[in-house]
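Read the structure below first, then the notes.
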Protein chains: 2
Amino acid sequence: MYSKKCTPPSCSPSSYSSSHEEALVVIPCPSQQGSSSQCGEAAAAALSVEEARATANLRIHRQAERRRRERINGHLSTLRRLIPGTTKMDKASLLARVIDHVKDLTRKASDIGKGLMVPSEANEVRVECDGEDNLLIKASVCCEDRPDLFSDLIQAFRALKLTVIEAEIVCVGGRVKNVFILCSRRDGEGSVCLSSLRESMKEALDKIACSGEASGVGYSGKRLRALQQQQYSCYDS
Amino acid sequence: MYSKKCTPPSCSPSSYSSSHEEALVVIPCPSQQGSSSQCGEAAAAALSVEEARATANLRIHRQAERRRRERINGHLSTLRRLIPGTTKMDKASLLARVIDHVKDLTRKASDIGKGLMVPSEANEVRVECDGEDNLLIKASVCCEDRPDLFSDLIQAFRALKLTVIEAEIVCVGGRVKNVFILCSRRDGEGSVCLSSLRESMKEALDKIACSGEASGVGYSGKRLRALQQQQYSCYDS
DNA sequence: CCGCACACGTGAGGC
DNA sequence: TGCCTCACGTGTGCG
């Protein structure tokens with residue numbers, strides 16, 4: 001029940017067989033070929049041939065194990081190649097980072113599939129620092145849409161010295177969800193400074209999200225019903 | 001100054017087969033301690049103490065190596081836990097699937113950040129079967145927007161006996177991108193049937209996407225410029 | 001019996 | 001020098 005047909009044949013790290021090659025020489029014992037007449041010798045011969053077979057098996061086993069090791073290490077270095085910054089890293093630590101990476105990507109992927117990309121009913125502002133290098137910041141704002149919302153957000157980011165790397169906009173029935181990937185370009189960067197940045201960001205974005213709340217309302221029930229009936233529309237009335 | 005020449009490396013590994021707990025008892029051998037009065041013994045004692053230290057080092061090395069192995073295998077089983085369907089799978093194959101998973105998730109994740117969620121200039125219809133169970137189908141349609149586009153799509157899915165699990169709509173400057181997660185509820189399901197389903201889906205969606213092409217055009221350059229200047233808007237003129 | 005996969009202990013090399 | 005990581009060969013259990 002294991003291994004299936006996978007066995008990527010190309011996983012070999014290309015440098016192979018140069019270092020130690022198993023010589024095919026098998027029989028070091030010359031003792032037992034002439035002696036067919038003595039029974040004691042026969043026993044010895046049997047034992048030695050048995051030994052020879054054992055060593056042959058051992059040899060096969062040895063190189064099989066080596067192939068297995070090469071397969072595993074090949075996959076491991078493929079992983080190293082895939083995940084940036086893991087070159088010349090400990091094998092165990094590499095696996096740890098692979099785990100982190102998988103978890104992270106799974107979370108991201110589930111975000112897109114689930115409800116993240118459909119603007120929710122309630123206003124929502126989230127600011128999270130992505131990854132371990134703390135360079136990228138992800139900010140998402142979900143609120144009622146209005147003509148100058150986007151430029152307001154951009155201005156807020158500019159005031160905080162944040163560069164927009166990516167922006168993602170989804171609008172459904174008058175509500176909008178904006179997700180930004182930002183990059184903070186500051187001189188004395190530190191985790192302390194970063195947390196305060198988080199706070200000011202959240203404050204500013206909250207203000208922007210709520211500023212259009214007084215004017216137009218009443219979409220809630222209608223929009224929800226529209227969603228449930230699967231009659232999405234991007235068009236305002 | 002213990003004698004203890006025991007534990008020669010040749011000593012069979014099964015000798016201390018008591019599961020694996022390293023007993024702290026070090027000195028079982030009382031063999032050559034009686035003669036303390038001879039000077040030749042001094043050299044032997046020095047040699048033996050050196051040997052003893054060597055074996056102690058070996059012991060430390062042994063259990064350190066074991067810890068390392070445990071760490072790696074721990075991470076490996078964590079990965080098994082994370083990726084569904086890899087229980088009791090070969091270690092190398094597990095790594096292969098981890099690689100696939102990482103590649104897949106990276107692609108998906110880059111999709112959300114890059115161009116997937118912004119309607120592209122050219123019309124585009126994609127149908128892909130997600131995951132290994134072949135139950136979920138992801139269909140994305142990118143085309144010029146029109147009032148009844150969505151209901152047309154829904155009708156097409158209904159005709160193909162597809163249930164909409166999730167829908168994601170992004171509209172920018174008159175163009176729209178719809179991404180659907182669908183579930184096929186059919187009796188005799190098979191990969192053959194599924195590929196034909198793919199074909200008919202693609203055909204139907206292509207028809208729908210192109211049907212509004214004749215009427216309104218000319219957004220292209222304007223929209224592209226708007227995107228580059230980061231002046232997104234969900235509002236039609 | 002053989003192929004396969006795993007865990008183990010040990011030698012070698014890098015700080 | 002000591003600790004750590006790695007590769008290697010081998011013993012062992014499973015189909």
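The sequence lines fix the lettering, A, B, ..., with proteins before strands; numbering per chain opens at 1. This structure is a prediction, so every number in the text was calculated from the model and none was measured.
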Could you check whether B:R53 gets within reach of a base, just the sugar-phosphate, or nothing at all, counting any heavy atom under 4.0 Å?
-> nothing
B:R67 side-chain N/O to D:dT5 phosphate OP1/OP2 under 4.0 Å | no
Which whole-number value in Å describes the distance from B:Q63 CD to C:dA7 C1'?
-> 16 Å
Considering only D:dG9, D:dT5, C:dC8, which nucleotide approaches the side chain of B:R69 most closely?
-> C:dC8
Separation of D:dG15 atom C1' from B:D90 atom CG, nearest Å, is 14 Å
Distance in angstrom units between B:M89 CE and C:dC6 P, rounded = 11 Å
Among the nucleotides C:dA5, D:dT10, C:dT10, whichever has the atom closest to the side chain of A:R68 is C:dA5
Got a sec: does the NZ of A:K103 have more than 12 other heavy atoms crowding it under 6.0 Å?
-> no
By nearest-nucleotide position on DNA chain D, the 5'-leaning member of B:N57 and A:L58 is B:N57
Establish, with yes or no, whether the OP1 or OP2 oxygen of C:dC8 is under 4.0 angstrom from a side-chain nitrogen or oxygen of B:R62.
-> no
Show the numbers, then the answer: is there a side-chain contact (heavy atoms from CB on, under 4.5 Å) between B:F157 and B:L205?
-> CA-CA 9 Å; B:F157 294 147; B:L205 297 185; 4.0 Å; yes
Quick one: A:R71 CZ to C:dC6 C1', roughly how many Å, whole number?
-> 12 Å
May I have the distance from A:R80 (atom CZ) to D:dT5 (atom P), rounded to whole angstrom?
-> 13 Å
State whether A:R66 places a side-chain N or O below 4.0 Å from either non-bridging phosphate oxygen (OP1 or OP2) of D:dA7.
-> no
Nearest-nucleotide pick for B:N73, side chain only, options being C:dT10, C:dA5, C:dA7 = C:dA7
A:V141 side chain reached by A:L153 side chain, heavy atoms, under 4.5 Å = yes
Rounded to whole Å, the CD1-C1' distance (A:I60 to C:dC1) equals 12 Å
Spacing of B:H61 atom NE2 relative to D:dC4 atom P, expressed in whole Å | 11 Å
Looking at B:T78, B:I83, B:L79, which hits side chain to side chain contact (heavy atoms under 4.5 Å, CB included) with B:R81?
-> B:T78
Between A:K91 and D:dA7, does any side-chain N or O lie under 4.0 Å from OP1 or OP2?
-> yes
Is it true that A:R68 and A:E65 make a salt bridge, defined as a side-chain N closer than 4.0 Å to a carboxylate O?
-> yes
In whole angstrom, what separates A:E65's CD from C:dA5's P?
-> 10 Å
